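Just below is one structure, and these are the notes that go with it.
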Amino acid sequence: MILIVAEHSNGKLNKSTYEMTQAARDLGREGPITLLVLGSGVAPVATQAALLADQVLVADLPALSAYDPEVWAQAVAQIAREGEAHTVLIGGSRSGREYSPRVAVKLDAPLMEAVISMKFADDTTVAEHYTLLARVVERVEAQAPTVVVSIHPGAFPPASARPQAAEQYDVDLDLPAPRVVVTERNTIKSKRVALQDADVVVAGGRGLGSAEVYAQLVEGLADQLGAAVGATRAVVDAGWRPYSEQVGQTGKTVQPKLYLALGISGAVQHLSGMNKSRLVVAINRDQEAPIFKIADYGIVGDVKEIVPAIIEKLK
Amino acid sequence: MGLRILSVIRQVLDAEESVRIKDGMVDPSSSKLVLDTMDEYGLEEALRIRDAQPETEVVALAVGPARCEEALRTALAIGADRAILVETFEPLDVITVGNVAAQVARKEQSDLIFCGGQEADWDSQAFGAAIAEYLNWPQLTWTTALNLEGRTLTGTHDIDEGTESFSVELPAVITTQQGLCEPRYPTLPNIMKARKKELRRESFESFGLHSRLKFIRSEIQVKERMRRIVDGKDGSAAAQQLVEFLRNETRVIG
Ligand SMILES: Cc1cc2nc3c(=O)[nH]c(=O)nc-3n(C[C@H](O)[C@H](O)[C@H](O)COP(=O)(O)OP(=O)(O)OC[C@H]3O[C@@H](n4cnc5c(N)ncnc54)[C@H](O)[C@@H]3O)c2cc1C
């Protein structure tokens, strides 16, 4: 079987789960597409999953109420073994990329990480992924009884639901006690669409000058466009925005239809998180700023003059 | 006996360098190569622990071609006590390299391992977790603050949508990122001293492993951009043009 570990939050499947399902449907390898739902109080999620998969496995346990990489890896490896999964698909989120290597080691399997394309033929899984700060596409092959794959967010189209719901099965798990003690958790709840799911991202850099101007211009424009808000490392380090909004090598990777970069210089580490965006618009007062090299549309000018005018015109 | 810390590093293209491809593979031979900044944060944290507890030993490890010696010399000049290079010319997947690093850690009786959260060559976030799993140790990824008391490590790190404060008993694997600390620079006397520090070579073949992935080819991918750059001195006119551009080129505004 193809085992997909569903990603979900607030009682709903994440977009990444739909994308993984499409990747599984297009893989070209036989076997039922199986969605595994891990968590506590996840019955509504399992119901949604049943419209995507051939079968749904549900582990609804108090021990799974909070994510821990070792617990997740153990759960997924156990199910993969018992179900003789030949392909295990895991989301390319921070957590997915953190526990998927553990699953691969447990299953003595190769890991294909953050793949953007994937096919199975002639006993071989062929996949592509980015390297060198997302400037290079590398093609790799694996031949093994089981392959563990994490799926790059935004690389596959989301699968459509089917009219008929698949069977759901409860599964038993033998879980380790977490060794890391979490003493505090701060989850950022944004009223906006999630950064990685957004069609439009408005991102700001140090060029905004202050947290106040940032809030006014970046949030203001995002409000008009129904967009998610992103930030550069410089901005999160300055404490203007939370780290969860950071885009780039040490932040999130986004691939929206439209990325607006306001007062962002375009350092290679930032570009690696957004250079696959379909359309890039940049506003920067320095015409030599590297961001213009990857912009479809650029305005050389002061964000404090131009952005309020855009917001006005969109109202 | 003091703590034994392993700082795992990679040698990568300098951020200013452009990528070159030859015969379908990335060719770094004519590019400037450096110790990955991502790995420097872990080295710095290790050295801070040694500053506080001088009996600590900090060992730098690299798995890769002979040229990685240079990055290890940099780590020695920054302050590592000794270095190990597991030499291989074969391109290796991250799980296999994790296996090698774990075996070295076992031989070295390491208590704590640092490595970069996502190195700039293979764009992988799997290295630390793979090492941790081979050793059956806990892992903390994307740390943003660390504090060691005895064998209890506390700190903060990034999660999917937010941050966590944590506490863990050593041994553990920690991955690092920009913002964790300000790495120190090698000083001239330390650069001189580094030349005399031990750098042990081992061959990858002696580990009896082989790559789990076959590397078929690499290609530079540049997305064609329209690059319509306009002057924005007249803010209102520039805004109007942009709004029209968005209307014509995207469906995000009506
Ligand atoms: C290992 C490592 C990992 C990193 N990871 C990341 C990452 O994940 N994400 C990330 O973003 N960075 C990352 N960085 C940092 C990166 O190198 C840059 O320092 C950072 O992206 C710069 O942010 P910035 O563009 O906001 O600031 P700056 O580079 O300072 O640019 C500000 C820009 O604003 C323009 N400007 C100023 N005033 C105005 C105005 N009034 N109107 C219009 N334009 C104006 C300036 O011309 C300038 O181009 C990383 C660095 C390292 C070493």
Side-chain angles (χ1 to χ4, degrees), chain A residues 69-70 93-95 97-99 101-102 104-106 110-111 113 130-142 179-188 199-200 225 233 237 243-244 249-250 257-258 268 276 279-281 292 294-301 305-306 309-310 313-314, chain B residues 13 15 19 26 93-95 117-118 120-126 129-130 133-134 138-142 158-168 177-179 212-221 225-233 235-236 238-240 242-243 245 249-250 252-253:
Chain A
E70 293 184 71
S93 58
R94 214 181 263 278
S95 56
R97 292 185 67 178
E98 160 183 88
Y99 79 81
R102 283 188 175 263
V105 173
K106 282 182 198 293
L111 173 71
E113 207 182 343
Y130 297 124
T131 64
L132 286 122
L133 297 174
R135 288 173 291 178
V136 171
V137 174
E138 183 177 68
R139 177 180 286 246
V140 291
E141 282 182 10
R179 288 188 280 191
V180 175
V181 181
V182 176
T183 48
E184 200 186 323
R185 182 173 286 127
N186 295 306
T187 2
I188 313 276
D199 280 343
V200 184
L225 294 169
R233 182 86 214 180
D237 275 345
Y243 281 92
S244 57
Q249 183 190 9
T250 47
K257 296 199 174 103
L258 173 63
V268 58
K276 303 296 177 304
L279 213 59
V280 174
V281 171
F292 286 130
I294 68 142
D296 294 287
Y297 196 94
I299 303 176
V300 182
E305 286 170 20
I306 295 158
I310 301 170
K313 297 203 191 299
L314 287 174
Chain B
L13 280 194
V19 182
V26 174
D93 67 289
V94 62
I95 298 291
Q118 178 182 318
D121 51 352
W122 55 14
D123 283 10
S124 172
Q125 301 180 5
E133 182 62 31
Y134 274 112
Q139 83 202 49
L140 268 314
T141 50
W142 301 109
D158 288 344
I159 54 172
D160 280 334
E161 292 301 329
T163 59
E164 270 177 2
S165 304
F166 64 83
S167 165
V168 70
Q177 61 171 316
Q178 205 214 12
R212 287 164 185 268
L213 294 179
K214 232 161 85 185
F215 297 86
I216 307 301
R217 75 177 144 77
S218 285
E219 238 172 52
I220 294 178
Q221 216 198 32
R225 297 290 179 186
M226 294 182 235
R227 296 185 64 176
R228 245 185 260 169
I229 314 296
V230 304
D231 187 278
K233 271 195 205 78
S236 176
Q240 185 58 41
L242 173 62
V243 169
F245 172 83
E249 298 291 340
T250 72
V252 295
I253 58 172

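These numbers come from a predicted model, not from an experiment.
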| said: If you count heavy-atom pairs within less than 4.5 Å of chain A, which of B:Ala238, B:Ser236, B:Gly117, B:Ala120 leads? | reply: B:Ala120
| query | Would you say B:Ile95 and A:Pro101 make side-chain contact, with heavy atoms under 4.5 Å? | reply | yes
| field | Top of B:Ile220, B:Leu242, B:Val26 for chain A proximity - count of heavy-atom pairs under 4.5 angstrom | value | B:Leu242
| said: I'd like to know if the side chain of A:Asn186 and the backbone of B:Gly162 have a donor-acceptor N/O pair within less than 3.5 Å. | reply: no
| Judged by atom type as modelled, is there a donor-acceptor pair below 3.5 Å linking the side chain of B:Asp123 to the main-chain atoms of A:Leu133? | yes
| Between the main-chain N or O of B:Glu161 and the side-chain N or O of A:Thr187, is there a donor-acceptor pair closer than 3.5 Å? | no
| query | Counting heavy-atom pairs under 4.5 Å to chain B, which of A:Glu305, A:Lys106, A:Gln249 comes out on top? | reply | A:Gln249
| task | Pick one of side chain, backbone, both or neither for A:Phe292, based on which atoms fall under 4.5 Å of a heavy atom in chain B. | result | both
| said: Under 4.5 Å from any heavy atom of chain A, what part of B:Ile159 do you find: side chain, backbone, both or neither? | reply: both
| task | Below 4.5 Å from any heavy atom of chain B, which atoms of A:Leu111 appear? Answer side chain, backbone, both or neither. | result | both
| request: Could you have a look at B:Val19, B:Asp93, B:Leu140, B:Thr250 and say which one has the most heavy-atom pairs with chain A under 4.5 angstrom? | output: B:Val19
| query | Between A:Arg102 and chain B, which part of the residue has a heavy atom less than 4.5 Å away: side chain, backbone, both or neither? | reply | both
| task | Would you mind reporting whether A:Leu279 and B:Phe245 have side-chain heavy atoms less than 4.5 Å apart? | result | yes
| request: May I ask you to name which of A:Ser244, A:Ala309, A:Ala295, A:Pro110 has the most heavy-atom pairs under 4.5 Å with chain B? | output: A:Ala295
| task | State, with a plain yes or no, whether a side-chain heavy atom of B:Gln221 is found less than 4.5 Å away from one of A:Tyr130. | result | yes
| task | Side chain from CB out, backbone as N, CA, C, O: work out which of these in A:Leu132 comes under 4.5 Å of a heavy atom of chain B, or both, or neither. | result | both
| Nearest-0.5 Å distance that lies between atom CZ in A:Arg97 and atom CD in B:Gln118 | 5.5 Å
| query | Checking A:Val280 against chain B: side chain, backbone, both or neither under 4.5 Å from a heavy atom? | reply | both
| query | Which bit of B:Val230 is near chain A, if near means a heavy-atom gap under 4.5 Å: side chain, backbone, both or neither? | reply | both
| query | Do you know which of A:Val140, A:Val180, A:Val105 has the most heavy-atom pairs with chain B at a distance under 4.5 angstrom? | reply | A:Val105
| said: Let me confirm one number: the CD-CD1 distance from B:Gln240 to A:Ile306, rounded to the nearest 0.5 Å. | reply: 13.5 Å
| query | Under the criterion side chain to side chain contact (heavy atoms under 4.5 Å, CB included), which of B:Arg228, B:Arg227, B:Arg225 is the partner of A:Tyr297? | reply | B:Arg228
| If you tally heavy-atom pairs under 4.5 Å against chain A, which of B:Val168, B:Leu213, B:Asp231 wins? | B:Leu213
| said: Looking at A:Lys313, I'd like to know if its NZ atom is crowded, meaning that more than 12 non-hydrogen atoms belonging to other residues, nucleotides or ligands lie closer than 6.0 Å. | reply: yes
| query | Rounded to the nearest 0.5 Å, how far does CZ of A:Arg139 lie from NZ of B:Lys214? | reply | 12.5 Å
| Any donor and acceptor pair, going by atom type alone, linking the side chain of A:Glu138 with main-chain N or O of B:Phe215 inside 3.5 Å? | no
| Between A:Asp237 and B:Gly179, which heavy-atom pair has the shortest distance, and what is it? | OD1-CA, 4.3 Å
| How far apart are the closest heavy atoms of B:Ser124 and A:Glu113, and which atoms are they? | OG-OE1, 2.6 Å
| message | Is there a side-chain contact between A:Glu70 and B:Pro138 in this structure, where contact means two heavy atoms from C-beta onward sitting under 4.5 Å apart? | response | yes
| said: Are the side chains of A:Asp296 and B:Glu249 in contact, using a 4.5 Å heavy-atom criterion? | reply: no
| request: Determine the option with the most heavy-atom pairs under 4.5 angstrom with chain B, choosing from A:Val268, A:Ile294, A:Val200. | output: A:Ile294
| message | Nearest 0.5 Å, please: how far is OG1 in A:Thr131 from CD in B:Glu219? | response | 11.0 Å
| Top contributor to chain B interface from A:Ala104, A:Ala142, A:Ser95, A:Ala134 [non-hydrogen pairs under 4.5 Å] | A:Ser95
